[in-house]
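By convention in this document, chain letters (A, B, ...) are assigned in the order of the sequence lines, proteins followed by strands, and residues within each chain are numbered from 1.
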Amino acid sequence: MQYWLVKSEPDVYSFEQLATDGKTRWDGVRNYQARNNLRAMKTGDLCLYYHSNIGLEVVGIAKVVKEHYPDPTAEKGDWSAVDLAPVKPLAQPVTLSEIKKHPALQQLLLVRNARLSVMPVSFDEFSVIVQMGETQL
DNA sequence: GCCAACGTTGGC
DNA sequence: GCCAACGTTGGC
């Protein structure tokens, strides 16, 4: 079991929208590092769902329900998509500023590489953020 | 809206 | 293969 963090701009596709849809195709990734992370995802892996630009906070947990396949939105190039489904929202969102303040989260790629949109997180980091969101695993 | 950080492109 | 120029992302 691996843990991840995925970013989305909430005015484009929010966690609430994912909760409504029940499932979504995570496509449109055009960054090699992020793509390679998508390809490493396994069914059942859990993802922290982060709202970038608006909110700047982790708002929920999603899970991988379909492993990587060719991204149908890619007109050219070698890109991948996965399918994600909602697990649960955090009782209280965990903001970027809280994450930056937390001693156990200083290695988080979200902090160290702001531009990466799909990144692995350790189980410890995942647990800390979920606990900060006051939600049970 | 600005700008820093990063990735990509293209000239040499 | 280097590096400058450019485009994009994302925090502020």
Would you grab the first and last nucleotide of DNA chain C (5' to 3') that comes under 4.0 Å of any non-hydrogen atom in chain A?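 Range of nucleotides within reach of chain A: C/dG7 to C/dC12.
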
A/Thr43: which residues meet the side-chain contact (heavy atoms from CB on, under 4.5 Å) condition with it, sequence neighbours left out?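 With neighbours one apart ignored, the set is A/Glu67.
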
Please enumerate all residues that pass side-chain contact (heavy atoms from CB on, under 4.5 Å) together with A/Pro70, with sequence neighbours excluded.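 A/Pro70 satisfies side-chain contact (heavy atoms from CB on, under 4.5 Å) with no residue once adjacent residues are dropped.
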
Is A/Tyr32 isolated, or which residues cluster with it under the ILVMFWY side-chain rule of less than 4.5 Å, directly or via members?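 A/Trp79, all in the cluster of A/Tyr32.
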
Quick one: name the residues clustered hydrophobically with A/Tyr69, using the 4.5 Å side-chain heavy-atom rule over I, L, V, M, F, W, Y, and just say none if it's on its own.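 Hydrophobic cluster check, A/Tyr69: no partners found.
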
I'd like to check the salt bridge (Lys or Arg N to Asp or Glu O under 4.0 Å) partners of A/Lys42; sequence neighbours left out, ordered by chain and number.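 Partners of A/Lys42 under the salt bridge (Lys or Arg N to Asp or Glu O under 4.0 Å) test: none.
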
Near DNA chain B, which residues from residues 76-84 of chain A have a heavy atom under 4.0 Å away?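 Listed by number, there are none.
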
Only distances under 3.5 Å count here; give the side-chain donor-acceptor pairs of residues 46-53 of chain A to other protein atoms, sequence neighbours excluded, each with its distance to 0.1 Å.
| residue | atom | partner | partner atom | Å |
| --- | --- | --- | --- | --- |
| A/Tyr49 | OH | A/Tyr13 | O | 2.9 |
| A/His51 | NE2 | A/Phe15 | N | 3.0 |
| A/Asn53 | ND2 | A/Glu9 | OE1 | 3.2 |
| A/Asn53 | ND2 | A/Glu9 | OE2 | 3.0 |

Per the salt bridge (Lys or Arg N to Asp or Glu O under 4.0 Å) rule, what does the pair list look like for residues 14-35 of chain A, sequence neighbours excluded?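 Output for this query lists A/Lys23-A/Asp83, A/Arg25-A/Asp27, A/Arg30-A/Asp71, A/Arg35-A/Asp78.
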
